[in-house]
Amino acid sequence: MNIAFIGLGIMGKPMAKNLIKAGHTLYVYDIVESAVKELIEAGATACGSSKEAASKAPLIITMLPNSPHVKTVVLGENGVIEGASEGSVLIDMSSISPIASKEIAAELKKKGIEMLDAPVSGGEPKAVDGTVAIMVGGKKEVFDKYKDILLIMGSTATLTGEIGSGNTTKLANQIMVAANIAGMSEALVMATKAGVDPEKIYMAIRAGLAGSTVLDAKAPLVLEGKFAPGFRIDLHVKDLMNAYDTAEAVDTPIPVTKVALEIMKELQSDGKGSNDHGGMIQYYEKHAGIEARKE
Ligand code: NAD
């Protein structure tokens, strides 16, 4: 089918390429020309605006950094809402505030355009493999209609509720990941300073209750001092700020998230915002005056 794809960054580019490989016809747009060029080489047709891309296809997919970008692309001048016809569907796969997802969906509804919020978890390697986990909010009949398209980009696509639920689920994911990395960092630095080899700690506990996917993904990198992203601290700060707004809106305490956010913000001011979020350990290392590394 014809699909418009807007936002061809680290994640959007491979996701769009997988749709082309699966036989779909893509109309693409991004403000960065080099990203568009790569997609043209892969067989897509370039468009001059989000409006133009949306006018070419009944399904529009967006993969953008945060809420303001999605609002601009969808509701702004030359945006999706100006080009899309009644009956078309927007699937926003960006990780944004669930409050923004609901606002955007309400504006689109006035023009007869349905929306799913469908953020992903997994990072670039899984976007390339087509195996991200997709968490979706919106109407079941819209989800059912486009589930097969989502499963070209992901290994799972789970409907979690009404519009906004996909992004609420993603925030839950990001809170748990941040808390896990903070806990791991705190524990490894304290134990190193107390005189125990952090690698031995990791090997000793990974099969026990403290073992986790996060521990196995991050500890080996941290122990080697490898902080290239992966998932940048800057992006995680964005997600935790969205979690903060959401918690405020529903009047729920999030003390652990607030501490993780403070740690990440200090790392940003230390110039480490582009580090992988496993780099959170550098906060503890700075204050403890010791590094938790392999011997
Ligand atoms: P990115 O910054 O690499 O890509 C975003 C793209 O959007 C860029 O190419 C940018 O030029 C484009 N863009 C911005 N404003 C635009 C506009 N007005 N019109 C058209 N294009 C515009 O980001 P990414 O890493 O691909 O992440 C996208 C989303 O996916 C984010 O919400 C992120 O939190 C989420 N995510 C990222 C990862 C990851 O590991 N990178 C993993 C899971 C989820």
Side-chain angles (χ1 to χ4, degrees), residues 4-18 27-39 44 46-54 60-83 90-98 100-101 104 117-136 150 153-156 166-167 169-178 181 214 217-218 221 228-243 264 273-279:
F5 203 112
I6 303 161
L8 306 166
I10 293 175
M11 299 295 284
K13 203 182 293 174
M15 287 161 69
K17 282 185 183 172
N18 283 334
Y27 294 88
V28 298
Y29 177 65
D30 193 295
I31 45 176
V32 175
E33 256 177 49
S34 55
V36 176
K37 202 164 161 246
E38 212 179 308
L39 260 291
C47 295
S49 66
S50 299
K51 176 184 174 178
E52 188 192 340
I60 303 120
I61 298 177
T62 43
M63 191 51 165
L64 298 155
N66 198 6
S67 315
H69 308 86
V70 181
K71 281 191 172 171
T72 301
V73 163
V74 178
L75 305 177
E77 200 182 333
N78 279 324
V80 167
I81 199 163
E82 292 181 10
L90 169 74
I91 304 183
D92 177 38
M93 303 191 73
S94 329
S95 300
I96 70 170
S97 159
S101 297
I104 295 163
D117 63 314
V120 310
S121 173
E124 190 184 15
K126 287 187 179 239
V128 172
D129 293 349
T131 56
V132 290
I134 308 176
M135 40 220 103
V136 189
L150 292 174
M153 296 175 280
S155 57
T156 59
N167 273 307
T169 306
K170 172 75 185 185
L171 293 183
N173 182 80
Q174 294 305 78
I175 288 173
M176 289 189 219
V177 171
I181 297 175
V214 170
K218 300 301 172 188
L221 296 172
F231 190 76
R232 282 183 285 121
I233 286 170
D234 287 338
L235 277 180
H236 214 140
V237 165
K238 180 260 299 181
D239 290 334
L240 296 187
M241 298 283 282
N242 286 335
M264 289 187 195
S274 304
N275 282 187
D276 185 70
H277 53 177

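These values consider heavy atoms only, across backbone and side chains, with no hydrogens, waters or symmetry-generated copies. In listed order, ligands and their atoms are each counted from 1.
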Check: Do NZ/NE/NH1/NH2 and the carboxylate oxygens of Asp30 and Lys13 come within less than 4.0 Å?
Finding: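 Not counted as a salt bridge, because no side-chain N and carboxylate O are separated by less than 4.0 Å.
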
Notebook entry, point to check: Just checking, any donor-acceptor pair under 3.5 angstrom between side chains of Asp92 and Asn167?
Noted result: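 Judged by distance alone, the side chains do not pair up.
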
Notebook entry, point to check: Residues two or more places apart in sequence or in another chain: which of them pass ring-ring contact (aromatic ring centres under 6.0 Å, His included) with His236?
Noted result: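 Checked His236 against ring-ring contact (aromatic ring centres under 6.0 Å, His included); matches are Phe231, His277.
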
Check: Under 3.5 Å, side chain of Lys71 to main-chain N/O of Gly76, donor-acceptor pair present?
Finding: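 Absent.
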
Checklist line | Main-chain N/O of Ser95 paired with Lys238 side-chain donor or acceptor, under 3.5 Å | finding: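 Side chain of Lys238 to backbone of Ser95, a donor-acceptor pair under 3.5 Å: yes, one is there.
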
Checklist line | The single option from Val73, Val74, Ile61 passing side chain to side chain contact (heavy atoms under 4.5 Å, CB included) against Ile6 | finding: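 Between Ile6 and the candidates, side chain to side chain contact (heavy atoms under 4.5 Å, CB included) is satisfied uniquely by Val73.
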
Between ligand 1 and the protein, tabulate every N or O atom pair separated by less than 3.5 Å, reporting distance only.
from	atom 1	to	atom 2	distance (Å)
ligand 1	3 (O)	Ile10	N	2.9
ligand 1	9 (O)	Gly9	N	3.4
ligand 1	9 (O)	Asp30	OD1	3.4
ligand 1	9 (O)	Asp30	OD2	2.7
ligand 1	11 (O)	Asp30	OD1	2.7
ligand 1	26 (O)	Ile10	N	3.3
ligand 1	26 (O)	Met11	N	2.8
ligand 1	32 (O)	Leu64	O	3.1
ligand 1	32 (O)	Pro65	O	2.8
ligand 1	32 (O)	Ser95	N	3.0
ligand 1	32 (O)	Lys238	NZ	3.1
ligand 1	34 (O)	Lys238	NZ	2.8

